[in-house]
S.K.: 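First the structure, then my questions, so here it is.
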2 protein chains.
Amino acid sequence: MAVTLADVAARARVSAATVSRVLSGNYPVAEATRARVLAAVDELDYVINGPASALAAATSDLVGVLVNDVADPFFGIMASAVQSELGSEKLAVVCNTGGSPERELTYLTLLLRQRAAAVVITGSAVETPEYAAASAAKVGRLAANGTRVVLLGRPASAAPEGSAFAVEFGNREGGRRLTEHLVSLGHRRIGYVAGPADRTTTRHRLEGHRAALAAHGLGGDADAFGRLTVHGPYTRQSGYDGALELLDREPGLTAVVGSNDAVALGICAALREKGLDIPGDVSVAGFDDLPFSADATPALTTVRLPLQEAAARAERLALGREESPAGGRHLVLAEVVARASTAAPRAERQGAGTAPGRARGGGTTCGQLCTGSALRGIFDSVKGKHAPGGGVP
Amino acid sequence: MAVTLADVAARARVSAATVSRVLSGNYPVAEATRARVLAAVDELDYVINGPASALAAATSDLVGVLVNDVADPFFGIMASAVQSELGSEKLAVVCNTGGSPERELTYLTLLLRQRAAAVVITGSAVETPEYAAASAAKVGRLAANGTRVVLLGRPASAAPEGSAFAVEFGNREGGRRLTEHLVSLGHRRIGYVAGPADRTTTRHRLEGHRAALAAHGLGGDADAFGRLTVHGPYTRQSGYDGALELLDREPGLTAVVGSNDAVALGICAALREKGLDIPGDVSVAGFDDLPFSADATPALTTVRLPLQEAAARAERLALGREESPAGGRHLVLAEVVARASTAAPRAERQGAGTAPGRARGGGTTCGQLCTGSALRGIFDSVKGKHAPGGGVP
DNA sequence: TTGTATGCGTTATCAT
DNA sequence: ATGATAACGCATACAA
């Protein structure tokens with residue numbers, strides 16, 4: 001990369017300053033010289049030096065995106081959506097934190113070092129005080145430095161007042177509605193395989209669940225509630241193990257909710273292994289409505305979170321392309337998608353019909369496997385461009 | 001970010017050069033001054049200026065990863081694996097090209113501009129001459145610039161001789177083995193829903209398929225072969241449409257192969273809609289062995305590609321942490337994973353047993369839905385840490 | 001072992 | 001509208 005601005009200037013018989021002006025385009029330049037410069041750039045195959053430019057201008061075209069793991073569709077979809085909102089001038093730096101607070105802090109520092117133009121932090125926050133303080137401090141630092149920070153799926157409280165925008169997910173509402181759906185179908189003993197205990201997302205979803213139970217007088221005391229709740233990571237394995245544990249504690253369960261679609265799939269596997277029919281013997285529901293959920297057998301009842309839209313909005317906020325409402329907080333609504341994995345419990349089977357509390361959204365709760373056009377209909381409306389494996393290898 | 005090297009130097013009562021040496025750590029410094037400098041850094045909360053550092057040193061700690069779409073697990077898994085091989089000093093820049101050659105070139109230029117330390121280009125190459133030339137030129141340019149380039153899942157021929165390493169996928173072999181598996185089960189009329197025609201991956205998988213047919217005298221002439229082959233994107237929708245088209249052309253099909261797991265799932269949906277049993281009436285197989293494949297009903301027979309290992313190796317090559325064999329080419333072997341979606345065709349049902357040509361790998365071809373422990377066994381061995389939705393939202 | 005001086009390639013501030 | 005020139009913050013060859 002020997003060719004520099006000076007080379008181009010020499011070839012176009014102008015000063016380096018003029019070349020710079022032509023390239024950045026934010027300054028009036030005579031059309032004739034402009035053409036000469038562009039020609040020289042083309043002939044010399046000149047490529048601007050990013051670091052030098054960033055140093056002189058004190059800005060960079062890097063946008064950081066923090067995710068737990070891009071291989072997880074929940075985050076992959078958001079990362080992808082952020083990208084698609086990025087112009088072709090900006091570069092997205094995707095960082096896998098693995099859910100570890102330390103790595104998140106490390107990456108934040110790295111991004112600080114790069115003088116990133118913006119940072120989008122996705123996923124739930126860890127609620128331990130030390131971490132919360134450290135994380136908030138880093139965000140404040142970033143903001144003070146001119147980097148725009150947007151929290152995506154994380155409460156605004158995770159950053160110092162006014163230092164970041166937040167696009168929050170309606171986890172509590174979604175959790176409440178999902179459990180209301182089950183209660184309205186007639187379920188009374190509902191197990192819950194929750195996420196790690198110290199995560200905001202886990203807490204909010206669980207709070208919604210409990211609120212729905214309480215509203216129908218099913219909450220019980222803390223002990224009773226605890227008996228029907230187990231914690232674990234947001235993995236399929238956790239769902240599998242959790243379901244077995246719950247079945248052991250309470251054989252009379254008629255429904256089990258997973259903190260996640262992956263967890264729900266694990267629950268399904270465990271139930272099938274026990275010889276239980278879904279939803280004949282036990283109903284199962286998840287959360288997030290990831291693409292593969294509609295494909296499972298039976299198709300999974302879950303809570304849809306418009307991840308792409310949310311991520312796109314977060315990115316627009318990060319780029320300053322969208323105005324933020326007062327307080328800088330946005331709420332993304334969650335919506336129950338009722339599919340084939342939930343139905344009325346055996347005892348109340350007859351006359352269930354279209355139970356109240358059922359959400360719209362192309363869902364269906366046919367007792368058995370949904371085949372054919374019904375399933376496809378759901379699938380298409382749900383997935384948009386994000387079919388699993390939908391790209392070109 | 002007012003605090004600079006000079007500030008730290010002043011506080012530690014040393015020169016800026018010494019501070020620089022302490023921070024980069026590649027130069028002897030007295031322990032006492034070293035401690036003083038570190039203390040000053042800490043007290044001032046100093047963060048090095050990345051662009052300035054990159055400019056002065058003519059290197060950067062950015063590593064580019066080009067993918068079609070991170071939301072697609074095929075790419076998400078590779079992007080994630082690349083990340084995990086990255087030390088905490090380097091930053092991965094993930095770029096979604098959407099499979100578009102133009103965007104790929106744009107991103108390559110952007111990375112050139114950033115003076116990226118390395119670039120990993122994943123996915124198949126487009127085989128049109130103009131694009132191939134332009135892409136190869138950019139790669140050559142990158143290499144000349146000191147950026148290490150690694151092709152992952154793309155033939156070495158896509159880059160100028162000696163300018164890049166290549167970790168190639170055994171698409172041809174995998175395609176051949178998969179079709180051999182079907183032939184050995186007794187299938188004679190096998191449909192194929194291929195990817196876009198101008199992609200290397202598409203061509204290689206299809207060539208393997210055809211080679212297997214030819215080896216058993218089933219290839220037929222080009223016309224006959226063409227009748228059983230349709231092209232489309234690597235999406236579920238494509239599989240759905242393609243299967244209907246093939247069924248229309250040749251109702252006597254006993255098996256359909258998808259270019260992809262997502263395509264295969266689409267094929268399954270179409271067949272079910274037609275009232276056909278899988279694998280009772282028609283067998284279905286995919287490619288890649290993505291996590292959700294083991295979860296489908298019936299569990300999908302597919303070709304496993306060790307994406308994580310391949311991506312990790314690519315990254316090590318990019319970082320210069322692993323020696324490359326002569327020629328700079330690595331081949332990643334593909335392996336058939338036989339599951340429940342393939343079985344002997346009806347006419348030959350009896351005595352199928354364990355057909356020859358069946359690959360190992362925890363697979364199974366029970367005629368009906370695999371439930372319980374068998375399914376879980378496959379699942380666990382296949383997925384490792386990459387369960388769908390396996391992270392912490 | 002440490003300090004000094006220079007250069008990296010742009011952008012931005014003055015002039016003209 | 002264009003040119004000269006001074007930052008920008010750090011790394012490194014060279015001195016000491």
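Every chain is numbered from 1 and lettered A, B, ... according to where its sequence line falls, protein lines coming before strand lines. Given the structure is predicted, the values throughout are model-derived calculations rather than measurements.
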S.K.: Among D/dG3, D/dA11, C/dT10, which is the nearest nucleotide to the side chain of A/A56?
M.R.: C/dT10

S.K.: A/N49 or B/V14: which one's nearest nucleotide on DNA chain C is closer to the 5' end?
M.R.: B/V14

S.K.: Contact class for A/A17 (heavy atom, under 4.0 Å): base, sugar-phosphate, or nothing?
M.R.: base

S.K.: Roughly, in whole Å, what's the span from CG in A/L55 to P in C/dG9?
M.R.: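 About 12 Å, once rounded to whole Å.
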
S.K.: Respond yes when some side-chain nitrogen or oxygen of B/S53 is under 4.0 Å from OP1 or OP2 of D/dA11, and no when none is.
M.R.: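 So the side chain of B/S53 is within the cut-off, an N or O lying under 4.0 Å from OP1 or OP2 of D/dA11.
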
S.K.: Grab the CD-P distance between A/E31 and D/dT2 for me, whole Å please.
M.R.: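 Computing the A/E31:CD to D/dT2:P distance gives 10 Å.
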
S.K.: Nearest heavy atom decides the nucleotide; on that basis, is A/R34 or B/Y27 closer to the 5' end of DNA chain D?
M.R.: A/R34

S.K.: Return the value, rounded to whole Å, for the distance between atom CG of B/N26 and atom P of D/dC10.
M.R.: 16 Å

S.K.: Which of the following nucleotides, D/dT12, D/dT2, C/dT10, is nearest to the side chain of A/T33?
M.R.: D/dT2

S.K.: Between D/dG9 atom P and B/L23 atom CG, what is the distance in whole Å?
M.R.: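 To the nearest whole Å, that distance equals 16 Å.
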
S.K.: From C-beta outward on A/A57, which listed nucleotide comes closest to its side chain: C/dT10, C/dT11, D/dT2?
M.R.: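 Minimum distance to the A/A57 side chain belongs to C/dT11.
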
S.K.: Give a yes/no on whether any side-chain N or O of B/T4 is located under 4.0 angstrom from OP1 or OP2 of D/dG9.
M.R.: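 Checking D/dG9 against B/T4, no side-chain N or O comes under 4.0 Å of OP1 or OP2.
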
S.K.: Counting side-chain heavy atoms from CB outward, which of C/dT11, D/dG3, D/dT12 is closest to A/S15?
M.R.: D/dG3

S.K.: Where the side chain of B/A52 is concerned, which of D/dG9, C/dG9, D/dG3 is the nearest nucleotide?
M.R.: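 For the B/A52 side chain, the nearest candidate turns out to be D/dG9.
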
S.K.: Whole angstrom is fine here: how far is it from CG in A/L5 over to C1' in D/dT5?
M.R.: 15 Å

S.K.: Does any donor-acceptor pair link the side chain of B/R115 with the base of C/dG9 at a separation under 3.5 Å?
M.R.: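 Absent.
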
